[in-house]
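Here the structure is laid out as structure tokens; the discussion comes afterwards.
The shown structure was predicted, so the numbers you read here are calculated from the model rather than taken from an experiment. Whatever order the structure lists them in is the order used to number ligands and atoms, beginning at 1.
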Amino acid sequence: MNKIELATQFIQRHLHQFQCPICKSNFNEVQSGTLICNNQHSFNIAKKGSLFFLNNPVNTEYTNEMLTYRNQFLTAGFFNPMLEEVINNISGDLILDAGCGEGTTTKWMASHFDGDFVGLDISKPAINIAGSGIAPQPYPLFMVGDLAQLPFADQGLTSIVNILSPANYQEFDRTLATHGELIKVIPGNHYLSELRQLVYPDGEHATYDNAPVKNHFIEHYEHVEFSKISYKFPLNDKLFTALFNMTPLTWQAQDRKEAILQDGLKEITAEFEIGVVHK
Ligand SMILES: C[S@@+](CC[C@H](N)C(=O)[O-])C[C@H]1O[C@@H](n2cnc3c(N)ncnc32)[C@H](O)[C@@H]1O
Ligand SMILES: [Zn+2]
């Protein structure tokens, strides 16, 4: 089965859980690779199986090159212990990875949890990488869309996962089913600390402060259960090069890039706080 057919089958299984992001009406059919709403707005499934709900490209700070390095780093397993904790908290049959980037997290979760996964990101280059290569089994659906206008019906999603990405709590509240859960992952204060110390050797900005993001989340939800996960991820030269090039954090140090890459790093700290909200 090709990717258009796999995506079509996926949408057919969940047709009533989607919603047209233009007019908010239901979709009544998906036919020959086209999704059509009650008011005749139509969205084609691209060859790579992805859906494009945004017509105008939006430039993000992540270039195609950075996304390719991020893909290399994440497929090496950097997030896996954190993702294991995330899937312990999800439920149901349609789970959104909101701000999925190049899609490694979505694919990993789809292969470790029995449910259908949608990866949504505003970046077209990110979704292009997500849809590349052989079709993963089980098959996640990738789409270019905006968190501020989710193409899902009210209560259409059984869980929402939001990893190191911006959130839109109004849209999350609208689309999440009663008894569903929202899992938000934010960087811990020591996330990538060894890299920060190389970029900011004088100590300034060498630690990250996650308080503003965490407080905004807590302000919106009365009952959030937080857990922290921390581990060291071993690096080799190739992985360190990928790490250096995948994040905007190192833009400050472009003039010292060669020296930093030459010195290398043996390991890097992964630290996350995982907030879970039950609706
Ligand atoms: C730091 S990246 C994290 C990506 C991925 N979750 C990961 O951990 O690798 C943040 C992502 O949020 C996406 N993003 C930013 N604003 C968005 C919006 N309004 N709607 C959808 N995605 C958005 C960006 O394109 C980017 O891929
Ligand atoms: Zn419509």
Side-chain angles (χ1 to χ4, degrees), residues 15 18-30 34-43 50-83 86 95-109 117-130 140 142-153 160-172 175 183-188 191-192 208 210 213 242-243 245-251 270-274:
L15 195 59
F18 289 91
Q19 179 186 81
C20 174
I22 298 172
C23 70
K24 316 286 178 212
S25 76
N26 295 335
F27 286 111
N28 49 21
E29 58 179 335
V30 54
T34 304
L35 183 59
I36 303 162
C37 87
N38 286 340
N39 290 318
Q40 303 303 314
H41 295 119
S42 68
F43 304 91
S50 317
L51 272 161
F52 292 80
F53 283 115
L54 286 181
N55 289 326
N56 302 320
V58 177
N59 288 328
T60 71
E61 57 187 354
Y62 292 88
T63 61
N64 195 42
E65 191 193 5
M66 288 168 76
L67 289 161
T68 304
Y69 279 119
R70 195 171 183 89
N71 181 259
Q72 195 184 326
F73 198 64
L74 298 191
T75 51
F78 179 55
F79 281 171
N80 292 5
M82 174 268 282
L83 291 172
V86 170
I95 301 117
L96 172 67
D97 187 0
C100 66
E102 45 63 64
T104 303
T105 55
T106 327
K107 290 174 195 166
W108 192 93
M109 291 189 288
F117 284 79
V118 176
L120 175 142
D121 202 283
I122 206 164
S123 156
K124 199 173 165 182
I127 294 300
N128 264 330
I129 294 175
F142 286 105
M143 48 179 66
V144 178
D146 188 352
L147 288 168
Q149 274 182 307
L150 291 176
F152 300 99
I160 299 175
V161 176
N162 185 225
I163 301 172
L164 311 184
S165 290
N168 186 302
Y169 297 128
Q170 204 181 337
E171 277 295 83
F172 290 175
T175 54
I183 297 106
K184 183 166 178 68
V185 180
I186 59 178
Y191 180 62
L192 307 185
Y208 167 76
N210 68 11
V213 178
L243 170 65
N245 288 299
M246 76 174 200
T247 166
L249 177 69
T250 53
W251 288 349
E271 186 182 76
F272 307 96
E273 291 200 55
I274 303 175

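- Considering both main-chain and side-chain atoms, D146 comes within under 3.5 Å of ligand 1 through a nitrogen or oxygen pair.
- Ligand 1 has at least one atom lying under 4.0 Å from a heavy atom of L74.
- Neither the backbone nor the side chain of N168 has a heavy atom within less than 4.0 Å of ligand 1.
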Steps toward side chain to side chain contact (heavy atoms under 4.5 Å, CB included) verdict (L164, F79): CA-CA 11 Å; L164 311 184; F79 281 171; 3.6 Å; yes
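- Between F27 and F53, the ring-plane angle classifies as tilted under the 30° and 60° cut-offs.
- Among A126, S165, P166, A98, the residue whose heavy atom lies closest to atom 15 (C) of ligand 1 is P166.
- Of all atoms in ligand 1, listed by their number and element, those nearer than 4.0 Å to a heavy atom of T60 are 25 (O).
- Among all protein heavy atoms, the one lying closest to atom 1 (C) of ligand 1 is Y62 OH, 3.0 Å.
- With a 4.0 Å heavy-atom cut-off, ligand 1 is reached by the backbone of L147 and by its side chain too.
- Taking a cut-off of under 4.0 Å to the non-hydrogen atoms of S123, the atoms of ligand 1 that pass are 25 (O).
- For the side-chain contact (heavy atoms from CB on, under 4.5 Å) with W108, the lone residue among N80, D97, V86 that qualifies is N80.
- Considering backbone and side-chain atoms alike, D121 places an N or O below 3.5 Å from some N or O of ligand 1.
- Two residues are said to be in side-chain contact when any heavy atoms from C-beta on lie closer than 4.5 Å; M66 and P248 meet this criterion.
- Across the listed options T247, V185, L83, I122, I122 owns the non-hydrogen atom lying nearest to atom 23 (C) of ligand 1.
- Ligand 1 does not have T105 within reach: every non-hydrogen atom of the residue lies 4.0 Å or more from it.
- For ligand 1, the atoms lying closer than 4.0 Å to a non-hydrogen atom of G145 are 20 (N), 21 (C).
- Close contacts of ligand 1 with G99, meaning ligand atoms under 4.0 Å from a residue heavy atom, involve 4 (C), 5 (C), 6 (N).
- Here the closest heavy-atom approach between residue C23 and residue N39 is recorded as SG-ND2, 3.2 Å.
- Few gaps surround CD on E29; more than 12 heavy atoms of other groups in view lie less than 6.0 Å from it.
- Its N, O or S atom nearest to the Zn ion (ligand 2) is what matters here, and for H41 that atom is ND1.
- Counted by atom type alone, N38 and N26 present zero donor-acceptor pairs between their side chains at under 3.5 Å.
- In this structure, F272 and Y191 have tilted ring planes: the angle between them lies in the 30° to 60° band.
- T106 and P140 make their closest contact through CG2-CB, 4.0 Å (heavy atoms, listed as atom of the first residue, atom of the second, distance).
- For a threshold of 3.5 Å applied to N or O pairs, the pair formed by A148 and ligand 1 contains no separation below that value.
- Heavy-atom contacts of L164 reach the following atoms of ligand 1: 1 (C), 2 (S), 3 (C), 10 (C) (cutoff under 4.0 Å).
- Residue-to-ligand polar distances place R70 within reach of ligand 1: an N/O pair is separated by less than 3.5 Å.
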